Amino acid sequence: MIEQSAASYLDELNDVQRQAVTHETGPLQIIAGPGSGKTRVLTYRISHLINSGVKPWRILALTFTNKAAREMRERIDTVVPGGANGMWAGTFHSLFARLLRVHADRLGYPNNFSIYDTQDSRSVVKQILREEQLDPKVYNVAAVAGRISTAKTRMLSPEAYQLNTELKEYDKQSRRPLIGMIYEKYVNRCKRAGAMDFDDLLLKMYELLVKHEEAAEQIRSKFDHILVDEFQDTNHLQYEIVKRLIKYPESKENICIVGDDAQSIYAFRGATIKNILDFQRDFPDTTVFKLEQNYRSTHHIVAAANTIIKNNRRQIEKKIFTDKNIDDAEKINIVKTMTDQEEAKRVAGLIAEQKHRYHLANTDIAILYRTNSQSRLFEEHLRKNNIPYRVYGGMSFYQRKEVKDVIAYLRVIVNPTDEEALRRVINYPKRGIGQTTIDKVSMIADRMNRPMWDAMMTADLGRATAKIRDFVKLIKGLQSVLTTSNAHELAERVVQASTMLSTLKSDTTIEGMGRLENVVALLDGIKDFVEQDDVAYVEGDDPSDRSLAAYLQSIALLTDADEEKKDTPTVTLMSVHAAKGLEFKSVFVTGLEENLFPSGMALQERNGLDEERRLFYVAITRAERFLTLTYSKSRYKFGNMQMSSPSRFVSEISDENIAASANSSSRVKSGISGMPKRKVLRGGGAFKAAFTPPKDFKASPVSAIQVGCKIIHPKFGEGKVQSLDGSPENRIATIHFQDLGQKKIMLRFSKMMVVE
DNA sequence: ATAGCAGTAGGCCCT
DNA sequence: CTACTGCTAT
């Protein structure tokens with residue numbers, strides 16, 4: 001029986017793929033180039049394991065997005081009908097959250113702990129900064145939260161952070177010496193709120209495995225096989241956890257990691273290729289397979305990808321090849337425009353043309369960009385051309401205010417100590433509880449060393465006491481039906497009882513109606529969740545956890561890539577990061593300009609350019625047949641028109657793979673030498689403070705500002721650059737202004753135009 | 001003490 | 001462009 005079903009799928013594989021799929025026990029590493037059938041190998045391998053008698057619930061498959069896990073499940077089901085039932089497949093965060101629900105009490109958290117998203121985390125930091133009266137300009141919220149996140153990923157406790165000289169020194173240099181103290185307060189706040197942030201889901205899992213042997217043993221013994229997808233994008237902490245799950249006495253070390261160092265694009269948030277190298281050290285018996293045959297793209301695209309990635313230093317050696325040597329395969333098209341507007345217009349036009357000429361469906365086409373803010377112009381022009389599209393990323397459904405509000409109510413009902421959720425709804429809809437009262441509650445809570453909720457139930461708050469008690473009563477009333485009603489019924493009660501529904505209904509503006517629609521859509525979504533019963537059965541777990549807590553957990557950990565498709569087939573607009581793992585017949589990679597792609601920030605970081613190049617590699621290898629690269633000579637940035645030069649990546653592609661229409665004249669070599677010369681412009685220098693910039697004022701890129709340049713500053717007027725100081729990203733120019741004398745200016749924040 | 005408004009400063013990278 | 005801050009009316 002095994003042989004028969006085996007034959008049907010093993011025949012679909014090439015030699016290397018088959019060896020990887022049928023490899024029996026012991027550590028396994030699969031290096032998988034783009035389009036090399038990685039997902040197929042992974043799903044067939046799991047199917048094969050199940051066919052050979054491994055119980056699905058003893059398999060742990062860690063993916064990067066929930067969508068990837070879902071698709072894996074579906075594909076396994078087509079090979080082994082019903083086979084994926086009970087398999088542990090999901091993201092690191094979602095599976096660990098599930099395991100932590102069982103063991104949270106050992107770590108001092110309630111089992112119904114909340115999950116703080118990035119916004120919540122920042123809001124906690126902001127509270128602390130306000131209380132400590134730290135200058136928000138110096139202590140930038142995002143930067144502080146970023147430092148805390150880095151510390152957690154490096155497994156440093158607040159105490160360890162305080163003792164780490166390197167971190168201390170860095171903080172001192174960036175004039176934020178108190179980050180260690182803020183970190184400590186942050187951790188206490190989260191703990192008091194019974195909340196874990198995204199990093200905690202990993203960190204606490206690690207803590208559980210290291211410090212709580214009984215729980216660790218229980219978790220380890222659940223799994224016979226562990227598979228990790230996109231291993232190149234895991235961070236150190238994730239790898240440490242995986243190691244502790246699989247390395248123990250008598251372990252068969254059935255671990256399979258799949259990845260491609262050339263597609264590592266998350267170093268900026270701690271992913272490290274070092275994990276791959278460490279893996280070979282930690283598991284010396286590892287069998288390695290390299291999937292090098294590309295089944296996705298034409299030879300032009302594969303050739304371009306190979307040429308580009310060769311420019312990177314140190315990488316695992318491999319040569320991607322294809323036998324799709326179609327003679328008339330379309331070469332790569334390069335489109336150059338004068339403005340970003342025109343770029344969007346051309347792309348929309350080309351899409352219309354391709355659809356017509358090659359009978360492409362909307363879903364065959366994707367527009368990729370480096371930053372989400374670039375989507376706006378494409379949307380505009382696609383609309384003009386009546387091409388349906390869908391933008392992924394950016395503000396997702398669950399990040400909208402009204403949706404977050406409903407969810408915040410639900411969070412408070414499940415876990416009233418969740419302070420971020422509480423703060424969100426304590427005065428929404430308006431019930432006369434202002435900042436002063438909230439601050440007072442917070443202070444009392446601090447003194448009691450208890451959650452705000454406790455203070456709200458008991459403390460005397462003067463005039464506001466009655467209002468607060470009413471709110472407490474509202475929440476308690478909803479809590480009392482928590483066990484008797486399902487998540488959907490409860491959510492309906494919430495919007496009624498909180499008067500959110502009537503408040504929204506009374507708003508008859510277009511936006512107001514949209515908000516109401518969103519809330520209704522959310523309720524529908526909760527209903528779907530409650531009614532859906534095809535969720536994996538997991539041995540030892542509640543087979544059908546449709547509870548409100550389970551719902552909240554599932555939505556807290558959604559990623560951009562998980563957004564559901566609408567019914568209408570659409571053209572896809574997304575960032576290159578979000579496009580990882582996807583493929584399209586026709587791909588437009590846009591905004592290929594220096595300081596955009598590669599991004600200016602990345603260029604200043606060590607190894608930043610290499611990561612940008614890998615990102616470009618990922619972008620172009622998404623294409624099956626048609627690849628169009630676009631760039632513009634100018635672009636609006638920060639509300640200013642900026643000149644831009646073509647990305648160096650474009651010139652790294654060999655001419656033989658580029659379509660003839662994109663002749664040499666459009667292939668401008670990158671560099672800023674092409675800066676147009678400008679006449680000296682005299683602004684209204686007569687009044688010192690009231691300088692008005694000339695009409696054709698255009699900010700020049702920072703790189704264009706050199707010692708000796710004459711510049712015009714929009715406020716200070718004309719001046720001459722005396723000297724440049726500081727790091728490249730924090731370049732400080734000393735400028736002698738005609739009217740104001742010497743001034744030091746941070747180039748990052750000011751917009752100046754070079755005149756000579 | 002709270003709510004709504006208007007002006008302003010900071011900031012647009014990817015999770 | 002937008003998310004905060006401070007002001008003013010209630």
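Convention: sequence-line order gives letters A, B, ...; per-chain numbering from 1. Quantities reported herein were computed from a predicted structural model and do not represent experimental measurements.
For the atom pair A:D405 CG and A:N518 CG, the distance stands at 11.5 Å (nearest 0.5 Å).
A heavy atom lying under 4.0 Å from DNA chain B marks none of the residues of residues 117-131 of chain A.
Straight-line distance from the CD atom of A:E593 to the P atom of B:dC13: 15 Å, rounded to whole Å. Taking atom CG of residue A:D340 and atom C1' of nucleotide B:dC12, one finds them 14 Å apart after rounding to whole Å. Per the geometry, CZ belonging to A:F64 stands 12 Å off P belonging to B:dT15, to the nearest Å. Going from atom CG of A:L368 over to atom C1' of B:dC13 covers 15 Å, rounded to whole Å. Atom CD of A:Q399 is separated from atom C1' of B:dT15 by 11 Å (rounded to the nearest Å). In this entry the distance linking CG of A:L377 with C1' of B:dC12 reads 14 Å, nearest Å. Straight-line distance from the NZ atom of A:K404 to the P atom of C:dA3: 13 Å, rounded to whole Å. The nearest whole Å value for the distance from the CG atom in A:L201 to the C1' atom in B:dT15 is 14 Å.
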Between the protein and nucleotides 1-4 of chain B, which nitrogen or oxygen pairs are less than 3.5 angstrom apart?
residue, atom, partner, partner atom, Å
B:dT2, OP1, A:G434, N, 3.1
B:dT2, OP1, A:T437, OG1, 2.4
B:dT2, OP2, A:T436, N, 3.4
B:dT2, OP2, A:T436, OG1, 2.7
B:dA3, OP1, A:G432, N, 3.2
B:dA3, OP2, A:N427, ND2, 3.0

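In this structure, the side chains of A:Q232 and A:Q263 come closer than 4.5 Å at one or more pairs of heavy atoms. For the pair A:E612/A:R370, a side-chain contact is recorded, criterion being any heavy-atom separation below 4.5 Å from C-beta on.
Classification of the A:Y266-A:H577 ring pair by plane angle, with boundaries at 30° and 60°, yields tilted.
Regarding contacts with the backbone of B:dG11, a side-chain N or O of A:N140 is found under 4.0 angstrom from either OP1 or OP2. Taking 4.0 angstrom as the limit, A:N372 places none of its side-chain polar atoms (N or O) nearer than this to OP1 or OP2 of B:dC12.
When heavy atoms are screened at a 4.0 angstrom cut-off, A:F268 is found touching base atoms of the nucleic acid.
A cation-pi contact, defined as under 6.0 Å to the ring centre and within 45° of the axis, is absent between A:R424 and A:Y428. With A:F616 as the aromatic partner, A:R613 does not meet the cation-pi criteria of under 6.0 angstrom to the ring centre and within 45 degrees of the ring axis.
No more than 12 heavy-atom neighbours from other residues, nucleotides or ligands sit within 6.0 angstrom of CD on A:Q133.
With no hydrogens or angles considered, no side-chain donor-acceptor pair links A:S575 and A:N372 at under 3.5 Å.
Contact annotation: side chain of A:T371 to base of B:dC13, donor-acceptor pair absent below 3.5 Å.
Partners of A:F96 by ring pair (Phe, Tyr, Trp, His ring centres under 6.0 Å), not counting sequence neighbours, listed by chain and number: A:F92.
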